Amino acid sequence: MNTEDGFVLVEIAVAVFVLALLLGSVLPLLRAETVSARSASTDRRMAAVMAVLAAELARSGHLPCPASGTDGIAQAACSGAVTGQVPAASLGLPAAAVQDGWSRPFTYAVDARATQTVDLADWCGRADGFDVLTLEGASPQHPVVLLVAHGPGGGAWLAGGGRAPGTASEAETENADDDGVFAVVPFVASGPDRFDDRILAYAEPAFTSLHGIHCPAATTGPGQEDQAMMDAAAVHERRAEDNQLALMVARAAVTSVSSRDAAVTSGTSTSSDAQAAARRW
């Protein structure tokens, strides 16, 4: 081997070394960016699903029971602190819209008494008693409705039913045991104390007020009851139309969010598409 060949080998070795250094520094950044994008996607989808649930409350006067299986159909009746999957089919949503950034279905928990109210007046009259769910380590302590995104760790619902194995910390296990008690602890990326769940929960009156739902005005005296009934009749039809429109808009929004996020997290969108989605949502 002559000197010139030796120089070529050295140059190749240096180039490989530099490339390895670059990859070693860039790949962790790319992984972190992917995790960040999936986490942001999860937050947007959870907020959008909550908006659909609120629109359903405004339309029907109650929240739906969870789906007990993978068909997305809400249970006809439920009791206590009930946990399951978001009833996507009953809400008119595609299955992907009720999944986190890792394509894992959300856990949906609700105080069953909030599924049994007949209208908003009934809901508002019972709101102080929605207290069977418990959230430890965060507020509200007793939410009426709650979503859990289980992330890349264990605990999420499986396509065939049951839960994915691999919950690490006690808090992750708590959020997947279907007992109506949930927990939030500081984020831990890996190891035996890993906690990567994301929880969105609302108590009353925050759930209705933040989603623009107002309780019907109460009458203040016997002479006002007839007028109140007339007022209620006059606005009932308009409210029904408005609430139906709100539900349609919420459904469209959550479907749009999940579609955009799927493109962003899969890397099929352009950077400008991702920025536009972030600005909009």
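Because the structure is predicted, anything quoted here is derived from the model rather than measured.
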Report task. Go through the steps for Val82 and Gln75 under the test side chain to side chain contact (heavy atoms under 4.5 Å, CB included), then give the verdict. Result -> CA-CA 10 Å; Val82 61; Gln75 301 172 52; 4.1 Å; yes
Query raised in the report: What residues form a side-chain hydrogen bond (donor to acceptor under 3.5 Å, both in side chains) with Ser60, not counting sequence neighbours?
Result: Glu56
Query - Backbone of Asp122 reached by a side-chain donor or acceptor of Thr117 within 3.5 Å - result: no
Requested in this report: Using atom types as modelled and distance alone, determine if a side-chain donor or acceptor of Glu174 lies under 3.5 Å from a backbone N or O of Val184.
Outcome: no
Query raised in the report: Would you say the side-chain atoms of His142 pair up with the backbone N or O of Leu133, donor to acceptor, closer than 3.5 Å?
Result: yes
Query raised in the report: Is the backbone of Gly153 close enough, under 3.5 Å, to the side chain of Arg104 for a donor and an acceptor to pair up by distance?
Result: yes
Requested in this report: Mark yes or no for whether Thr173, through its side chain, and Thr167, through its backbone, hold a donor-acceptor pair below 3.5 Å.
Outcome: no
Query raised in the report: Using a distance-only test with no angle check, is there a side-chain donor-acceptor pair under 3.5 angstrom linking Arg163 and Thr107?
Result: yes
Report task. Assess whether atom CD of Glu136 is packed by more than 12 heavy atoms of other residues, nucleotides or ligands within 6.0 Å. Result -> yes
Requested in this report: Determine, using the 4.5 Å side-chain heavy-atom cutoff (strictly less than), whether Val144 and Leu53 are members of one ILVMFWY cluster.
Outcome: yes
Query - Check: Thr208 side chain, His214 main-chain N or O, donor-acceptor pair, under 3.5 Å - result: no
**Report entry** Verdict with supporting geometry, Phe130 and Val110, side chain to side chain contact (heavy atoms under 4.5 Å, CB included)
**Finding:** CA-CA 9 Å; Phe130 297 150; Val110 62; over 6 Å; no
Query raised in the report: What heavy-atom pair brings Ala149 and Thr42 nearest, and what distance separates the two atoms?
Result: CB-CG2, 3.4 Å
Report task. Quick one: sort the Tyr202 and His211 rings into parallel, tilted or perpendicular, breaks at 30° and 60°. Result -> perpendicular
**Report entry** Sidechain-backbone polar pair: Ser41 side chain, Ala37 backbone, donor-acceptor under 3.5 Å
**Finding:** no
Report task. Starting at CZ of Phe182, measure out to CG of Leu146 and round the result to the nearest 0.5 Å. Result -> 5.0 Å
Report task. Please confirm whether Trp157 and Tyr108 have ring centers closer than 6.0 angstrom. Result -> no
Requested in this report: With sequence neighbours excluded, tell me which residues meet salt bridge (charged side-chain N to carboxylate O under 4.0 Å, His left out) with Asp131.
Outcome: Arg113
Requested in this report: Look at the side chain of Asn175 and the backbone N and O of Ala183, then say whether any donor-acceptor pair between them is shorter than 3.5 Å.
Outcome: yes
Report summary line: Separation between CG (Leu120) and CD1 (Ile213), nearest 0.5 Å, reads 6.5 Å
Report task. Could you walk me through whether Thr70 and Leu158 pass side chain to side chain contact (heavy atoms under 4.5 Å, CB included), step by step? Result -> CA-CA 9 Å; Thr70 59; Leu158 296 172; over 6 Å; no
Requested in this report: Only counting residues at least two apart or in another chain, list the ones meeting side-chain hydrogen bond (donor to acceptor under 3.5 Å, both in side chains) with Thr83.
Outcome: none
Query raised in the report: So, does Glu172 use its side chain to make a donor-acceptor pair with the main chain of Asp196 at under 3.5 Å?
Result: yes
Requested in this report: Treating Ile, Leu, Val, Met, Phe, Trp and Tyr as nodes and any side-chain heavy-atom pair under 4.5 angstrom as an edge, say whether Phe106 and Val145 lie in one connected cluster.
Outcome: yes
